[in-house]
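This is a predicted model, so every value here is computed, not measured. All ligand and atom numbering here is 1-based and tracks the order in the structure.
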Amino acid sequence: MTASEKLSGESRAGQKVIFALDVSSLKEARHFVRLLKGRVVLFKVGLELFTAFGQEAVRAVKEEGGEVFLDLKLHDIPNTVARAAEEALKLGVRMFTLHASGGGEMMRETSLRCRILAEKLNRPRPTILAVTILTSLDEGNLKEVGLQGPVQERVVSLAGLAKEAGIDGVVASPREIIPVREHCGRQFIIVTPGIRPAFAAAEIDDQKRVMTAGEAVSAGADYIVIGRPVRLAQDPAAAMDKVIAEIS
Ligand code: C5P
């Protein structure tokens, strides 16, 4: 039985929540998985933890009973990304990310090779998510790198390209949920960071485009990613319970 199958009833809302393990030690990572695993299933291993501890970080989450969202935002030539994706599959991650701006061929090859390897190994194929435009970039930043036009149009067009290439979904900021959902349809998965629960709104203010977890799910997000409002709370487990209650 997978960790997600063990959750039932009201805790199904917890399946929509990905906790960001933005910590600098495996000990802390293990602590948070142990603390939150009855509430949520998915734990994000990002660049910091993976650069520091590599595969050990993924194994630690799995050993503690969590499933892994490997957020390395792969971006390279098609063969290199596809091979890295095959390694992620072998590691047993449930989801991973790549950059849509790596192009249709890169995404198609990655999706195809993951499908083939999953069949060969008789293992589940990880959900592949594309990052469109990083949520930290605005129109001015895009102009700097020679890209003109509104961010949202670019996000929607890259999401469409990802979908055509066989990618399962995208990471999208709160304000992008509705246009991406309209363009890409109900089956396309939307994962949304930039979540600020009502109880944490005043405490962390470096997020410009924010929504509560409930608002994001109502707008059409399939999963939300949350880190600091839970991690930095006095009682992280209670904070996570509040986030889940907002969703259900
Ligand atoms: O801000 P918070 O700690 O909740 O962020 C959780 C995760 O979501 C972080 O790991 C960060 O990489 C990601 N994030 C993002 N875009 C944002 C805000 C956060 O991708 N606007």
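Salt-bridge formation is detected for the pair Glu63/Arg30: a Lys NZ or Arg NE/NH1/NH2 atom is positioned less than 4.0 Å from an Asp or Glu carboxylate oxygen. Salt-bridge formation is not detected for the pair Lys242/Asp235: no Lys NZ or Arg NE/NH1/NH2 atom is positioned less than 4.0 Å from an Asp or Glu carboxylate oxygen. Ion pairing between a basic and an acidic side chain is recognised when a charged N comes within 4.0 Å of a carboxylate O; Asp222 and Lys16 show no such pairing.
Among Thr135, Ile195, Leu232, the residue whose heavy atom lies closest to atom 16 (N) of ligand 1 is Thr135. In this comparison of Val225, Thr192, Val45, Asp71, the heavy atom closest to atom 7 (C) of ligand 1 sits on Val225. Here the shortest heavy-atom distance to atom 14 (N) of ligand 1, taken over Gly227, Pro193, Ser173, belongs to Pro193.
In Arg196, the part holding a heavy atom less than 4.0 Å from any atom of ligand 1 is the side chain.
Not a single donor-acceptor pair under 3.5 Å links the side chain of Asp168 to the backbone N or O of Thr127.
Residue-to-ligand polar distances keep Lys73 apart from ligand 1: every N/O pair is separated by 3.5 Å or more.
Put simply, the residue from Val191, Thr212, Val243 that forms a side chain to side chain contact (heavy atoms under 4.5 Å, CB included) with Ile224 is Val243.
Under the 4.0 angstrom criterion for non-hydrogen atoms, Pro229 is in contact with ligand 1. Ligand 1 is approached by Lys44 to a heavy-atom distance shorter than 4.0 Å.
The distance from ligand 1 to the heavy atoms of Ala20 drops below 4.0 Å at these ligand atoms: 6 (C), 7 (C), 10 (O). Residue contact check: Ile226 has heavy atoms under 4.0 Å from atoms 4 (O) of ligand 1. Ligand-side atoms of ligand 1 in range of Asp22: 9 (C), 10 (O), range being under 4.0 angstrom from any heavy atom.
Counted within 6.0 Å of CD1 on Ile178, heavy atoms from surrounding residues, nucleotides or ligands total 12 or fewer; the atom is thus considered open. More than 12 heavy atoms of other residues, nucleotides or ligands lie within 6.0 Å of CZ in Arg123, so this atom counts as buried by the packing criterion.
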